[in-house]
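When a ligand or atom number is given, it counts from 1 through the structure's own listing order.
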Amino acid sequence: MAGSDFALPKPRPNGPPFFSRNQIAAALHQVAVLLELQGANVFRLRSYQNASRTLGGITEDLGELVATGKLFDIKGIGKGLGSAISQAVSQGEWPNDWIDLHNNTPPGLIEMLGIPGLGPKRIKIMNEELGVDSIATLKQAALDDSIAGLKGFGAKSQQKMLDGIELLARFRSRRRLDIGLMYGEAFEQKIATIDGVIKAQLAGSARRRRETIGDLDVVVGVLDEDKESVSKAILALPGIADVKGAGDSKISLILDTSIFEGGFSVGHIDPNVMDAIGGEDYEQLESGGTIDAQVRLVTPEIFPFTLAYFTGSKEHNIVMRQRAIDRGLRLSEFGLIPEAKAGDLKGMAAAHLSLPAADENEIYRHLELDWVPPELREDTGEIAAAQDEILPRLIIPSDVRGALHNHTTLSDGDATLEQMADAARNIGWNWLGIADHSPTLKVANGASAEDLLSQGEQIRQYNAAWQQEGVDFRLFHGVESDILEGGKLDHPDDVLDQLDYVVASVHAMTKWKNRDEVTNTEELIRCIDHPATTVLGHPTGRILQGRDGYEVDMFAIIEHMAEHNAAGRLKAVELNASPYRLDLDWRLCKYAKNNNVPVVINPDAHSVRGLGDVAYGVMTARKGWLETDDILNSLSGDAMTERLS
Ligand code: DGT
Ligand code: CA
Ligand code: CA
Ligand code: ZN
């Protein structure tokens, strides 16, 4: 609901119905908020709120309810609202008073609504008492300490506003990979079904699987004669909050969550993570969010060049272009054109002179290179490897046969041991590691040694039963031990000795963040040296768009782990696959690989659904050049048993 998308939805061009149920519900909600900002009568704004909620919850077709007049039978939809909704749905026109309400509300006040935890009521008070009329003036007022004194506010809520402003700024500029991909894939699929579209493909940082996405880039293959109609059809798709620019070959727009027809929800979030990304307000922030998208429409002959160009990265493109120049060629989004032929022709005008390429592969071939997977296009050695034909054979999702860091109801998971095991079997895994939290982590309901050991007993029973039934699946029993003062683990050795493995992770973030790199690195090394430690969990503790990790020399950590592995002691580094973390960073994966430190992709699942996060770990591992031999996840149950013994 932040900023630009706080506007009445645009009608679809070929109604009725001109608006969907979601759009009407959103409009009603906006009206209620604006009324509250203006200090309108409580009963009036509540009727809008209620109507919005009611419409959001019905399953009947709104167009039909309007056509039959049954809309008026719904509880809470009175005569006035019913007529307004009917008019909007059947004629595509919003009531004038709703339009006026939007036009008359200062944009600065609407902008402030985007701050998590800040609602219209308090915005109105601050506006009246302090003249606050924008995020900038709000920030100043908070820094001047003038908000704390207002009745009903206080220093705590003043600080929360400052935090919220910072969060919003961070959040607006880029979106996490999971969210960016959700938008990107929904948009790509919608475009692909438009008549005349030969191909639609996501490019840019989303295709390269960066951990955060600035904007979406989509390349669309379409014949010249269809460009106009396709461009029109794209602009009429649901989920477009605003159009920044539109032509027949380039469209620039803003998407919002109404693109998700089945609704939008962020799902279960680990409370530890939740805190860092805005707490309870996070879901609101995310559902009110938007993402920019740029669409390029090109003919099929040009498509591969445009796709390659807009996939980037910019750094990769620069090296590619230089390689072309060295061969007397000019590489652009329109083609690979022999310099001698091109002359003064530029851009699209020279496209017909291009060497042909049916796909990206052929572009790379022209430049005497193997095709480079998009994830690797960051200019970190991929061109040299492509030239020498030594690009890595990147892992694929089906290489994953299990993961070591998962929770159950014994600590803070949503699913029981049995449910987690069933889920792992259902997705075709060969094994699953359970590592619930240790006692020190009270907020995560860390399990006592006694409970941990009885979980181990249960696991042995399951394993024995499966073996007897001839089921090739097994559980491994571990713990996610908090790393305590001095790098100590959270259970006595005689307890740890009874486990298959230990994932050691830092959770006391405040303490670790207040310490210097040298001390943190030493503590981690001490913990890694503990004979029971098998895996270093989420190695920096970062939460993407939430908080930076603690300072630590990850190169030194990896080098130290390398020594252990060289001596035959398994010390693996986790690639935490939660899209909120993606920690180990992809930039460090190659370093682990080159040092022969195994990486284990761990979903850190707190629910059955959480196991699916492994997909983001695989994307990130690919981006980090990892092959099957570099990850523990690719091992069979037998091989894993051996590695852990
Ligand atoms: P983002 O959107 O910030 O997450 O990152 P990208 O990589 O998607 O960047 P974006 O959207 O600005 O541009 C998409 C691609 O277009 C980029 O990866 C490479 C290409 N590109 C954009 N600007 C330039 C440029 O100035 N030079 C070159 N060589 N390529 C560019
Ligand atoms: Ca982009
Ligand atoms: Ca872009
Ligand atoms: Zn965990």
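The ligand atoms of ligand 1 that sit less than 4.0 angstrom from a heavy atom of Thr311 are 18 (O). For ligand 1 and Gly312, the ligand atoms under 4.0 Å from any heavy atom of the residue are 17 (C), 18 (O), 19 (C). Listed by number with element, the atoms of ligand 1 under 4.0 angstrom from any heavy atom of Gly204 are 8 (O).
Geometric assessment of Arg296 against the ring of Phe310 yields a positive cation-pi assignment under the 6.0 Å and 45° thresholds.
Residue His405 approaches the Zn ion (ligand 4) most closely through its N/O/S atom NE2. For the Zn ion (ligand 4), the nearest N, O or S atom contributed by Asp604 is named OD1.
Put simply, the residue from Asp215, Leu216, Asp242, Asp292 that forms a side chain to side chain contact (heavy atoms under 4.5 Å, CB included) with Leu255 is Leu216. Evaluated for a side chain to side chain contact (heavy atoms under 4.5 Å, CB included) with His405, the options Asn576, Val535, Asp436 yield exactly one hit, Asn576.
Counting only heavy atoms from C-beta outward, the side chains of Leu253 and Phe187 approach each other to under 4.5 Å. In this structure, the side chains of Ile234 and Leu297 come closer than 4.5 Å at one or more pairs of heavy atoms. Counting heavy atoms from C-beta on, the side chains of Leu582 and Arg542 come closer than 4.5 Å. Looking at Ile269 and Tyr580, their side chains come closer than 4.5 Å, going by heavy atoms from C-beta outward. Residues Trp371 and Leu391 form no side-chain contact, since every pair of their non-hydrogen atoms from C-beta on lies 4.5 Å or further apart.
Polar contact with ligand 1: present for Gly214 (N/O pair, distance under 3.5 Å). The shortest N or O to N or O distance between Asp215 and ligand 1 is below 3.5 Å. Of the polar atoms of Arg321, at least one N or O is found under 3.5 Å from an N or O of ligand 1, judged by distance alone. Below 3.5 Å of separation, one finds an N or O of Ser205 facing an N or O of ligand 1.
The protein does not reach atom 9 (O) of ligand 1 closely, with no heavy atom under 4.0 angstrom from it. By the definition of a contact as any protein heavy atom under 4.0 Å away, atom 18 (O) of ligand 1 is in contact.
Nearest approach of Asn445 to Ser411, heavy atoms of both residues: ND2-O, 3.0 Å.
Of all the listed residues (Glu315, Lys314, Glu333, Arg207), Lys314 holds the heavy atom that lies closest to atom 27 (N) of ligand 1.
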Quiz prompt | side chain to side chain contact (heavy atoms under 4.5 Å, CB included) between Lys590 and Thr380, worked out | solution = CA-CA 10 Å; Lys590 208 190 209 179; Thr380 56; 4.3 Å; yes
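Ranking protein heavy atoms by distance to atom 13 (O) of ligand 1, first place goes to Asp217 OD1, 4.3 Å. In this structure, atom 7 (O) of ligand 1 lies nearest to the protein heavy atom Arg208 NH1, 2.9 Å. Regarding atom 22 (C) of ligand 1, its nearest protein heavy-atom neighbour is Tyr309 OH, 4.3 Å. Here the heavy atom of the protein found nearest to atom 3 (O) of ligand 1 is Arg174 NH1, 3.1 Å. For atom 14 (C) of ligand 1, the closest heavy atom belonging to the protein is Phe310 O, 3.6 Å.
Not less than 6.0 angstrom separates the ring centroid of Tyr309 from the ring centroid of Phe334.
The angle Asp215:OD1 - the Ca ion (ligand 3) - Asp217:OD1 amounts to 100°, with values rounded to 10 degrees. Rounded to the nearest 10 degrees, the angle OE1 (Glu480) to the Zn ion (ligand 4) to NE2 (His407) equals 90°.
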